[in-house]
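Proteins get letters first, then strands, A, B, ... in listed order; numbering begins at 1 in each. Computed over heavy atoms, backbone and side chain alike; hydrogens, waters and symmetry mates excluded.
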Amino acid sequence: MAAIFASTVKELKILSRDRGTLIRLFLLPVMFITVMSLALGRMYRRPGESMLKLPVIVEDVSAPAQELVQALRAVQGLEIETVARGEALARVKDGKRVAALLVPAGFGQALAQNSPVTVTLYLDPGQTLATSALGAAVRGALARTQGEAMRQRGVDGLLFPVEQAVAQLPPEARARFDLKGTRAVALARSREATAEPIASLRTETLGSTRDKPPGVYEQNVPGYSVMFMFFIVSYVANSIVTEKRNGTLRRLMMAPVSKAELLLGKVVPNFIVGLVQAGVLFTIGHFVFGMNLGHDPLGLIVISMAVAGAATGLGILVAALARTEEQVSGLSTLLILTLAALGGSMVPLFVMPDFMQTAARITPHAWALLAYQKLIVAGGSTRDVLPHLAVLSGFAATFFAVAVWRFRFE
Amino acid sequence: MAEIIAISRLVKRYGDHPAVQDVSLSIEEGEIFGLLGPNGAGKTTLLSVMSTLLRPTSGTVTVAGFDTQREAERIKGICGFVPQELALYPTLSARDNLVFFGRIYGLRGRRLRERVAHALEAVGLQDRAGDVIDTFSGGMKRRVNLAAALVHEPRILFLDEPTVGVDPQSRNHIFETVERLSQEGTTVLYTTHYMEEAERLCDRVAIMDQGQILALGTPADLVATQGGGFIEVGLRETGEGIVERMNDIPAIRSALLSDHTLSLRSRGTNAALAPLINALSAGGAVVGSLSILEPNLETVFLSLTGKHLRD
């Protein structure tokens, strides 16, 4: 018993000093829970929670227009925002809203006169599921508004005035009026009015300013390729720290080679490994999973080179910052998984909320994925990914610069 | 013989800790020069400064006429360094390791192949050239460690404790290799805390402790200064005025009492023994052990520092 206790205390003490393991056991799961929840939060909304925001452009001031908005507000899971036309359409085009509804001027009058009128639902083409549900909700609200108008036309417009007029007559005169026929006519009118909707819903798909969202392999092949190209970080950093520990680095320092040559001797092979990795994974993606490779292989190559450069640079940086092999493994695991989760390797960027998509831009992963998708989903050319290439090269250059500045050969 | 390494008033400090204090030294071309001292004496630091890995805090070191600070690149090309640790790639073969280090020193093609084969032969491992380092015994790894510094045919070879943890066979191999290199004209700097190694291998030895050189000369000269050998007495009780009593004995040159150990330099252990025992009993000392050490580099060190090399 005492031995078990002693051993437990000792093990916990050793573990408490092993930062790499502590990071993996505690910090990483917290990171995953946070990033994944923020990225995927929308998928897990419960009914009753506001799910969809629908901008409504109300260009008619009549009572029926207001009734339609009220009817829409009553739909569960729908949040109505009344905004101007330009603003509403811009939100849809930017991908911030899945659709916008236009209630045109003259809507109320048309209903009153039983003349046809069209309500327009502007749709984001990428959001078919959400928009079909939305279409049903709008049709329901429209029918209710129209039904109300018809009821008024039939009952209020014919039956009530007649009944009132009859009620004014002396009792003996009233007996001579049988209102059955009038009631039947009013009812028939109402029926006829609701049977043939005069207010119809038209849908119009808006050309989105966003890129088309990727398919499953177009997301996963580049996503996981980039994630695993960054695993070289751990390998590079470890190999440097090992060379420091076993003395080979010291031995090399005594040879007539410069420090720059020594570091480049680490960079070049791992850079090549990264390129081979990208080549193998994209080839498998294409031939095994049928992933489209776009029209510009050069674009794929230069982006992959920049990714491999950034990954290798980060590896050297980790080696410069960490002193022991434990620190290397802790720090590199943390970086590899956090950057991948945040950067869109695990969860597609387009399903993330806006602020997460913005935050993702601090990772090389996000830039790499946007570039790959521009090439293989949107069919872009090298010219289209030059900004991404510049940012990725910037990441690589920054990693190298800080690494060289912080690197200690001893 | 010509001077190949000149060290003048060298000081190397790590923060406040002085690792090497005011050392001046001249090393001749072609000699095997030993730095003998316990761990932490400053041997490795001195070697690292000579091989340009460390910059001196003050003082100058020139190697083959080049200044270690201003002309390090020139020096690096003509020096070979065998570090204390096994500075090899354990998952590569012996040959792959040597080829890599050869290329780092600018060797190519046929010359590289020849030099690698030669270095493997020099340490007697040509039969295991293709085997992975991880599969080697400690002694064989040490031999590859040495071979890796020989591929580029250095004029000066630095060996830092090259026999630590080595079986006798590999140790002999290393000794023979060093002796052969010396015969071929290579200058060898050899640090060790084994006095037997220094005695066997070195033309001259500098005895170091706490960053300073305490004595310098051929092993024979250094031993000769000790004359008649050393007696060490372990005391249970020291008695009274024991050191004075010892100094009164003509056959004893000096006496040193530290803790319960009495260290005596004699003019001849036989002549000193009888009066020593008399004086001990007269002084009321209780003796736990008494040993006679024949004069060698160990006793030189003992008499200079009052410590053993391997304390």
Side-chain angles (χ1 to χ4, degrees), chain A residues 20 231-274 276-277 312 315-316 318-320 322-329 332 403-410, chain B residues 14 44-45 47-55 63 66 68 71-92 96-98 100-107 133-134 141-142 144-152 154 156-162 164:
Chain A
F231 266 82
I232 204 80
V233 168
S234 148
Y235 182 78
V236 171
N238 239 316
S239 88
I240 291 175
V241 173
T242 307
E243 288 224 35
K244 276 188 184 176
R245 182 180 48 76
N246 72 13
T248 44
L249 188 68
R250 214 154 80 88
R251 179 163 229 157
L252 291 172
M253 300 270 302
M254 297 200 194
V257 279
S258 67
K259 290 175 179 177
E261 286 175 298
L262 288 181
L263 281 184
L264 282 173
K266 283 287 169 200
V267 170
V268 172
N270 292 300
F271 177 77
I272 293 170
V273 170
V276 171
Q277 234 184 328
T312 315
I316 308 266
V318 169
R323 264 164 288 124
T324 63
E325 274 137 320
E326 287 74 28
Q327 288 178 7
V328 164
S329 90
S332 46
V404 168
W405 170 50
R406 298 294 301 172
F407 202 89
R408 293 291 168 268
F409 282 85
E410 274 309 297
Chain B
Y14 295 109
T44 301
T45 303
L47 221 55
S48 300
V49 174
M50 283 191 257
S51 57
T52 76
L53 189 65
L54 292 179
R55 299 173 75 84
V63 176
F66 300 118
T68 53
E71 297 159 303
E73 294 307 305
R74 306 290 294 270
I75 297 172
K76 283 175 172 177
I78 57 168
C79 290
F81 196 101
V82 184
Q84 247 176 61
E85 58 272 34
L86 291 163
L88 300 167
Y89 299 98
T91 53
L92 299 182
D96 288 343
N97 270 281
L98 299 196
F100 169 69
F101 287 114
R103 284 200 180 124
I104 287 289
Y105 279 91
L107 298 180
I133 298 291
D134 260 342
K141 287 178 187 165
R142 287 265 159 219
V144 183
N145 207 31
L146 169 59
L150 301 179
V151 182
H152 65 289
I156 305 165
L157 184 63
F158 297 97
L159 294 124
D160 194 5
E161 304 266 4
V164 172

Report, one line per pair, each donor and acceptor closer than 3.5 Å where one atom sits in a side chain of residues 263-271 of chain A; sequence neighbours left out.
unit_1: K266(A); atom_1: NZ; unit_2: S239(A); atom_2: OG; d: 3.1
unit_1: K266(A); atom_1: NZ; unit_2: E243(A); atom_2: OE2; d: 2.9
unit_1: N270(A); atom_1: ND2; unit_2: K266(A); atom_2: O; d: 2.7

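- In plain terms, the two heavy atoms of P256(A) and G77(B) that are nearest each other are CG-CA, 4.0 Å.
- In terms of heavy atoms, E73(B) sits closest to V257(A) at OE1-N, 4.1 Å.
- One N or O on the side chain of R251(A) and one on the backbone of N145(B) form a donor-acceptor pair closer than 3.5 Å.
- Both the backbone and the side chain of L88(B) come within less than 4.5 Å of a heavy atom in chain A.
- For the set A148(B), S51(B), G80(B), P90(B), the entry with the most heavy-atom pairs within less than 4.5 Å of chain A is A148(B).
- Rounded to the nearest 0.5 angstrom, T242(A) OG1 and Y89(B) OH are separated by 10.5 Å.
- Note that the NZ atom of K76(B) and the CE atom of M253(A) stand 6.0 Å from one another [nearest 0.5 Å].
- For F158(B), no part sits under 4.5 Å from any heavy atom of chain A, backbone or side chain.
- Evaluation of the side chain to side chain contact (heavy atoms under 4.5 Å, CB included) rule for F66(B) yields A64(B), E71(B), R74(B), I75(B) as partners, not counting sequence neighbours.
- Residue R250(A) comes nearest to S48(B) through the heavy atom pair NH1-OG, 3.7 Å, listed as atom of the first residue, atom of the second, then distance.
- For a residue to count as touching a neighbouring chain, one of its non-hydrogen atoms must lie under 4.5 Å from one of that chain's; by this rule A149(B) touches chain A with backbone and side chain alike.
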